[in-house]
Every structure is written in structure tokens, then in C-alpha cells.
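Read the structure below first, then the notes.
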Amino acid sequence: MSTLSQRHLLGIKNITRKDIELIFETADTFKEVINRPIKRVPSLRDVTIANIFFENSTRTRLSFELAEKRLSADVVNFSASTSSVKKGETLLDTVNNILAMKVDMVVMRHASVGAPHFLSKHIKANIVNAGDGTHEHPTQALLDAYSIRERLGSVEGKKVAIIGDILHSRVALSNIFALQKLGAKVMVCGPPTLLPKFISSLGVQVELDVKKALEWCDVANVLRIQLERQQIKYFPSLREYSLYYGINKKMLDNLKKQIVIMHPGPINRGVELTSDAADAQQSVILDQVENGVAIRMAVLYLLAGATS
Amino acid sequence: MQKKLIFDSDLLDITLGRLCEQLIENHSSFENCVILGLQPRGIYLAEMIQKKLKKLSKKDIPIGFLDTTFYRDDFRRRDTPAKASETKVPFVIEGKDVVLIDDVLYTGRTVRAALDAMIAFGRPSKVELLVLVDRTNTRDLPISADYVGKFVNTLESQRVLVELQAQGYKQNRIWLIDKE
């Protein structure tokens, strides 16, 4: 009946279009729930979820925690900065210790690519990837596609440009997988140094001129420059980057049609997006955040419910 | 497979008419009354009853749909999670006389979940339950209906199959069938 093809949500790459659609349909009902006077349903009341964050996060962690609490799950939080990881414990030991305290699901963010995949081979709990290095960030891609579906009616056939630091972005990769599975056309745009070398082999168009990308697309998903992941300089200065790749309201007003502006956050105002563009009426940035809770409730609900 | 007809179109119409008369008898003015159909199939019956009441009593009673999926007690106890349907409660429940409507009353667990789901919207002053088919002696919980279309003696190996025009079937028919 209605169940996901996987026990874990490790990435968009290994789930199907049907899975994505099931998550969206379930999220629709949860979106109604979180707009009720009493926003809590008792579905996960006998489930304990550990949020294990080895990397900093505000939005994702809050969003997961709210989603868990609105499903009545018991929640334990763990962040690497305040834990024994600093004392030299391995990832597997850390997680096994947490699981020994009878935890059913693990939501994990880790700086290393493939960390949740590794864990999924060694432990019994359901794992939700909340971002692994520069690899995947599945729930973000799901909520992005869900927000496009909400604003434009569907994702099928839409043109989506992902603009910015593609090289270091897990959001970009998960978005490409999700959008393509749902039948959208995807373009990536950014300075050549921030585009992965063989990105076109994923079937996406590559564009270096941001104005052309904006003219082509129905939706522009603007990404942050991830300075914390850049060990070398990829462009001369942030000022120069924003001069060539920054998007402002005037550029949007000069387009022939109105496009939707998205951003996974955190925004560096004045770098990739100016304030007037970020706060424009066509921006769905805060809708994305609201949808994030509904999508995460849907993912947790569907994973927790599949007992077999 | 054995198939026994419990309701045909005519009998269903007569029964719904009788249930409406009973509702009118107990509520007279329907001033404070709202109808809540339980997803997935109770909503069709709720709509049929609301239309009939409008004809009989000239009152337009507010109608809502309630989905009980997230309140069920068998979550994680079955192979796959139940699929949720839409909840639409376009009025305030607080202080209302609520008539819950469902097609079949079996173990009573759906009704228990529905009570929980409904209370999340406010505290009603009174709640009643209307069902079309009451499967006698099958209850897991101390729950009974206030208005019953028909009491049917059933075995655990049997299932009530509801076919309504509103769902896309040619005729309104309700069957008792043997599970495979």
C-alpha cells in the first residue's frame, strides 16, 4: 500500500518518483495539521528520535525537532561541539551508545560524505540524512520541490535554475536528483570554478551567465557561497562574485515573466541575493521553511510506520 | 466468494430517511449542531445525510470531514502506515453538538481515534455517533452508536463492502462478503 521503498532516507538518488509523490501527499495532510489550533498529533508517541548533528545547523535542526515534537515523538539532541566526540570516540561508537539507550530513529548531519550510508549498514535504527558533507541533503530537496509544486501547481516540465556554489552544495545535488525524477528541466549556473567538472553528465544544462539563466528558468534556486568549505580561493572576492552572480530586484523586474525565487538559507544578503530580491513577492523563501516542517513530518511518519 | 446484499439503493434511501427523522427528533432546531464525516467513506454518507436533512428540515447544517489516520493506535503495528486523507473542519467545534458519521462500526477503534482527532479542534458540548452498519458483538472497546442504520451479525472472516455512487459506483449497494 502506501509505504516508502527504503527503510532510511539517505539521499534522493536511491528513492523513486513514487516515494517522492507519497511524501508530498502525506506532507499535504501534515501541512493542514500544523495550521490547526492544536498542532500536535499522537502518531509517533512511542518512538524516540535522536538528532545527531556533527555540523552546525539552525533551520534544519529546528525544523526536524519541531516535526518530531508535532508527531509526539520523544526527542534527544546531540551536537558534536558539546560531546565526547571531541575526546576521540568513533562515529559508530557514538551512535551505538545512543542506540543502546533505546532510540528508534536517527537524524544525522555529518561533514563527511557517506557517513549516514555507512551507519545504515551497521545499525538497526531508521536513518534520516540531514546533510552529509557536500553530497546530499534529501529533506531540503524534497521541501524545495514541494514548494515549487505548491506555487506552480506541479514540478513536471518546469525549468529550474540552481545558481551559485554548486561545487560545495549538497542542496544542489539532491535538488538535481529530485527535480529530474519529477520531470523538471534543471540548469546549473555559477562561476566555472564553482561548477563540478562533470556536472553535465547528470543531464543538467550548464550556464555561466546568470542573466541568461534567469531568462530561461521558471524557478531560480539561489545558493549561498559556502566559504567554510572552501580551502582555496575560487573567485577573487565576494564583492566581485556579487557583481557578476548576485541577483537583485531590477534584474527580476526586467525579465519577460515572473519567476519564483528560492533559497535554502542562510542567506548572505547583498552577496547572492539583495534584500529587495529576497523579500520580493515572488520569493517563497519563508514558505520553504514552513513546508520544511510538513515534509519532515511526512518523512518521519512514513519511515517510522514501515515496520517490516 | 460469498456475497450477500445488505443494502440496495432503495433500502439505503429509506434507512437514511429514517436516520434523518431520528436526528430531527433529537435535535429539533439543529441550532448548535454540526456534522463530521469520518474519512474515507463516512464523508459520502455525511454528505447524503446533510442533503436529506436540508430537504426535510430546511436547515443547512455545517459539515466537516475528519481524518483519523494520525490518531490510530495501530501505527507501527501494521506493515505499512495508513494513508492519510484530508481533514476539513471549517467551523469551531468548541461548544457544539457533534454528530460523527461513519459507514461501518466494527472494533470501535476508528471511533476512538476520531474522538481524539476531534478534541484537537476544541471541546464539543455533546458528541453522538451515527453509523449505517453496526457489526454486532465485534467491539474491542466500549463504544456504541446512537443512530444505527442496520444491525448485522457478522463473522470476523467477513467484511462489509460499501459501494456508493459518490465514490464512482453505478448504484448504491452495501455487501457482506467473505474475506479471501
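Note that these values count all heavy atoms, side chains included, but never hydrogens, waters or copies made by symmetry.
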Quiz item: Counting heavy-atom pairs under 4.5 Å to chain A, which of B/Asp116, B/Thr87, B/Asp67 comes out on top?
Solution: B/Thr87
Quiz item: So which heavy atom on B/Cys33 is nearest to which on B/Pro62, and how close?
Solution: O-CD, 3.5 Å
Exercise. Tell me, please, which residues at least two apart from A/Gln281 pass side chain to side chain donor-acceptor pair (under 3.5 Å).
Key: A/Gln258
Quiz item: By a 4.5 Å heavy-atom criterion (distance strictly below it), what part of A/Arg45 contacts chain B: side chain, backbone, both, or neither?
Solution: side chain
Practice problem: Establish, from distance only, whether the side-chain atoms of A/Thr16 and A/Asp19 form a donor-acceptor pair under 3.5 Å. | Solution: yes
Exercise. Sort and list the pairs that fulfil ring pair (Phe, Tyr, Trp, His ring centres under 6.0 Å) and have at least one residue in residues 112-155 of chain B, not counting sequence neighbours.
Key: none
Quiz item: Just wondering, more than 12 heavy atoms not from B/Lys126 lying within 6.0 Å of its NZ?
Solution: no
Quiz item: In terms of ring plane angle, is the pair A/Tyr146 and A/Phe24 parallel, tilted or perpendicular, where the classes change at 30° and 60°?
Solution: perpendicular
Self-check item: chain A contact via B/Ile93 - which portion, at a heavy-atom distance below 4.5 Å
Solution: neither
Quiz prompt | Heavy-atom contacts under 4.5 Å, residues 152-159 of chain B to chain A | solution = none
Self-check item: Which atoms of B/Ser85 approach chain A - backbone, side chain, both or neither, heavy atom under 4.5 Å
Solution: backbone
Practice problem: Report yes or no: is the cationic atom of B/Arg135 (NZ for Lys, CZ for Arg) closer than 6.0 Å to the six-membered ring centre of B/Tyr106, at no more than 45° off its axis? | Solution: yes
Quiz item: Which one, A/Glu25, A/Glu32, A/Arg40, leads in non-hydrogen pairs under 4.5 Å with chain B?
Solution: A/Glu32
Quiz item: According to the ring pair (Phe, Tyr, Trp, His ring centres under 6.0 Å) rule, which pairs have a member within residues 23-44 of chain B, sequence neighbours left out?
Solution: B/His27-B/Phe30
